[in-house]
Amino acid sequence: MKLRSNEPFWLIKNGIKHSYPSVKADIETDIIIIGAGITGSLMAYQCIQDGYNTVIIDHREVGHGSTSATTALLQYEIDVPLYELSKMIGKKAAEQNYLACYEAIDILEDLSKKIKSRCGFKKKESLFYAAYKKDVDWLKSEFKARQNLNLPVTWISSDSINKRFGMENTFGGILSQQAGSMDAFRFTHDLLHYSCQKGLDIYDKTAINHVKYNKSGVMVHTETGHRLQAKKLIYCTGFESTNIIREKFVDLVSTYAFVGEQHKKGTKKLKDTVFWNSADPYIYMRATDDGRFLIGGGDVDFINSKNRDGLINSKVQHLHRHINRIFPSFNIITDFAWAGTFGKTKDGLPYIGEHPDFKSTYFVLGFGGNGITFSVIGMKIISDLLKGTMHDLSQYYRFGR
């Protein structure tokens, strides 16, 4: 499955960071991770920290799947609002999940500093604003739910939004003090390079023919005829996991994004905040660390790559109309535009842990708008499972829930 189209901004901005070989011999190791995107890089880092001999493989080049297409707005908010998630899985469980995502942003910040990543990680505020007047009531219910959890939030009026950010045609919103942004493609490369220096073996352009799953371990057969044997296998393949898991557990969605030309003066008021609105599907936006404006949204059900890519121009026009509505004096000229594919689950939560059809195997599948923060949580959950213990959040992320 092709996960992106055209060339996302991050690929062009970064070029080739690090190159790795393909598998050219049989390998025996403790852990094999399939998928060298941001989820796989986080999981590999954790495995190396825990002392396992670890190999990570990808059939593309490192980070060239959905990681290269993500807009990397780092938020603790889950796609299902807290007050709604409380009705679905219980108040305590919903709050646990929101707090875990909140903490994940701090973990990413600490990790980017530790590895001296040049991914431009920056802590920011988050403005969740009402796109329509009819959304104000439920958005205030969400605000109260977050207040009750003692999250650092304030209600901001439409006039205050206009004064502070220069945004028109909003109806107030929730201003949160916990959010962030970064270049996820660069972070992935930096983290893998760091882990490689600590003993991680990295192989890209290595396609898998088939896998044998046993209680004692797994055997991965590559298309070139090599065999990789491990005690445990971890899939960090995101939406491509739908190719191997039989049941339907996620809905695939096409999303669209563009980055404008550099406009540091125009993005000055916006550089410390990420924005998203209450529309369904919602629109999200932020400034990049080099003074560009990035906006995404316009989601539709995924049919196939050709149909998805054919909508890029019309979806960019749709996003421009939104920008023109809230920033009528802000002339943004598109520099890069692309499409990507992501997954939506019924409760907005990821799938992390074991699956009954795959022995000696774990999955870390962070879906939704905050898949990166779910991946941070995932590396801790799998770390616990490898040690024979159960993480508090595992029950909410299980298959068949």
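Worth saying up front: this structure is predicted, and the values here are computed from it rather than measured.
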Measure across [X] and [Y] and return the closest heavy-atom pair with its distance rounded to 0.1 Å.
| X | Y | value |
| --- | --- | --- |
| M43 | C236 | CB-SG, 4.0 Å |
| A131 | F171 | O-CE1, 3.6 Å |
| A145 | Y83 | CB-CB, 4.0 Å |

[X] and [Y] aromatic centres sub-6.0 Å:
| X | Y | value |
| --- | --- | --- |
| F275 | F165 | yes |
| F187 | F121 | no |
| F342 | F302 | no |
| F330 | H263 | yes |
| F399 | F363 | yes |

Within 6.0 angstrom of [X] [atom1], more than 12 heavy atoms from elsewhere:
| X | atom1 | result |
| --- | --- | --- |
| Y132 | OH | no |
| M88 | CE | yes |
| K122 | NZ | yes |
| E103 | CD | no |
| R227 | CZ | no |

Just to verify, what does [X] make a side chain to side chain contact (heavy atoms under 4.5 Å, CB included) with, not counting sequence neighbours?
| X | value |
| --- | --- |
| P21 | K24, Y203 |
| E223 | A207, N209 |
| L311 | Y256, V300, S314, K315 |

Taking atom types as modelled, find out whether [X] and [Y] have a side-chain donor-acceptor pair closer than 3.5 angstrom.
| X | Y | result |
| --- | --- | --- |
| S157 | D159 | no |
| H391 | S383 | no |
| S176 | Y76 | yes |
| Y284 | T255 | yes |

Are [X] and [Y] close enough for a salt bridge, meaning some N to O gap below 4.0 Å?
| X | Y | result |
| --- | --- | --- |
| R60 | E240 | yes |
| R401 | D347 | yes |
| K344 | D251 | no |
| R325 | E168 | no |

Pairwise distance [atom1]([X]) to [atom2]([Y]) - rounded to 0.5 angstrom:
| X | Y | atom1 | atom2 | value |
| --- | --- | --- | --- | --- |
| H59 | T237 | NE2 | OG1 | 8.5 Å |
| W155 | I174 | CH2 | CD1 | 6.0 Å |
| L191 | S41 | CG | OG | 4.5 Å |
| T39 | Y235 | OG1 | OH | 15.5 Å |
| L111 | I115 | CG | CD1 | 5.0 Å |
| D50 | M379 | CG | CE | 9.5 Å |

Beyond-backbone contact of [X] with [Y], side-chain heavy atoms, under 4.5 angstrom:
| X | Y | result |
| --- | --- | --- |
| V253 | T341 | no |
| I161 | L127 | yes |
| Q96 | D392 | yes |

Verify, without hydrogens or angle tests, whether [X] (side chain) and [Y] (backbone) share a donor-acceptor contact under 3.5 angstrom.
| X | Y | value |
| --- | --- | --- |
| T222 | H226 | yes |
| D79 | G369 | yes |
| S375 | G371 | yes |
| T70 | T67 | no |
| S360 | N214 | yes |
| D190 | R118 | yes |
| H193 | H18 | no |
| R308 | A339 | no |
| D58 | E61 | no |
| N307 | I303 | no |

> Name the one of K123, Q75, E125, E77 that satisfies side chain to side chain donor-acceptor pair (under 3.5 Å) with Q178?
Replying inline: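 Only one option passes, and that is K123.
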> Cationic tip of R292 within the cone over F258's six-membered ring, i.e. under 6.0 Å and within 45° of the normal?
Replying inline: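 The answer is no; the distance or angle limit is not met.
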